[in-house]
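Written out below as structure tokens is the structure these notes cover.
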Amino acid sequence: AVQQMNSNERNNFQVTCSQRRQNALSASAWEFRQLRCLQQQVLSKLRIPGFDGPTVDASALKLQSQICMYLHSAFYLRKRIGDAPHVSMLE
């Protein structure tokens, strides 16, 4: 009887953990989609090449990802070396 009760509790615990994990994953995925959509809208309004509004097209997302990596690197470099040296590199 005790083994059966322990087994039932373990199974219930595993099911509960699985449900919570799935809920957390779904919430995280939804937040990421919202963030990506907002980023696409902002960069589209700034007329950044490669951004033409929200999309889920794989090739467009790959291009946008590469553009964002480039921009991130540029902003990181600018913060690291300062505005004046960064601007002089661009001229």
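Counting from 1, the numbers follow the sequence of the chain as shown.
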query = After noting the C-alpha distance and the side-chain angles of Gln40 and Leu61, does the key distance pass the side-chain contact (heavy atoms from CB on, under 4.5 Å) rule?
reply = CA-CA 10 Å; Gln40 289 172 333; Leu61 291 175; 3.3 Å; yes

ask   = How long is the span from the CD atom in Gln4 to the OG atom in Ser7, to the nearest 0.5 Å?
value = 5.5 Å

message = Measuring from atom CD of Gln64 to atom OG of Ser59, what distance do you get when rounded to the nearest 0.5 angstrom?
response = 9.5 Å

Gly53 to Ser44 - nearest heavy-atom pair and separation = N-OG, 2.5 Å

Gap separating the SG atom of Cys68 from the CZ atom of Arg36, nearest 0.5 angstrom = 11.0 Å

query = Say you draw a straight line from OH of Tyr76 to NE2 of His86; how long is it, rounded to the nearest 0.5 Å?
reply = 12.5 Å

query = For Gln3, does the CD atom sit with more than 12 other heavy atoms under 6.0 Å from it, leaving out its own atoms?
reply = no

query = For Phe75, what are the other residues in its hydrophobic cluster, where any two members join if their side-chain heavy atoms are less than 4.5 angstrom apart?
reply = Leu38, Val42, Leu43, Leu46, Ile48, Phe51, Leu63, Ile67, Leu71

request  = Could you check if a side-chain atom of Arg33 sits within less than 4.5 angstrom of a side-chain atom of Val56, using non-hydrogen atoms only?
outcome  = no

key: Any residue meeting side-chain contact (heavy atoms from CB on, under 4.5 Å) with Pro85, in chain and number order, not counting sequence neighbours   = Ile81

Residues 12-25 side chain polar contacts: donor-acceptor under 3.5 Å, at least two apart:
residue : atom : partner : partner atom : Å
Asn12   : ND2  : Asn8    : O            : 3.3
Thr16   : OG1  : Asn12   : O            : 2.9
Asn23   : ND2  : Gln19   : O            : 3.4

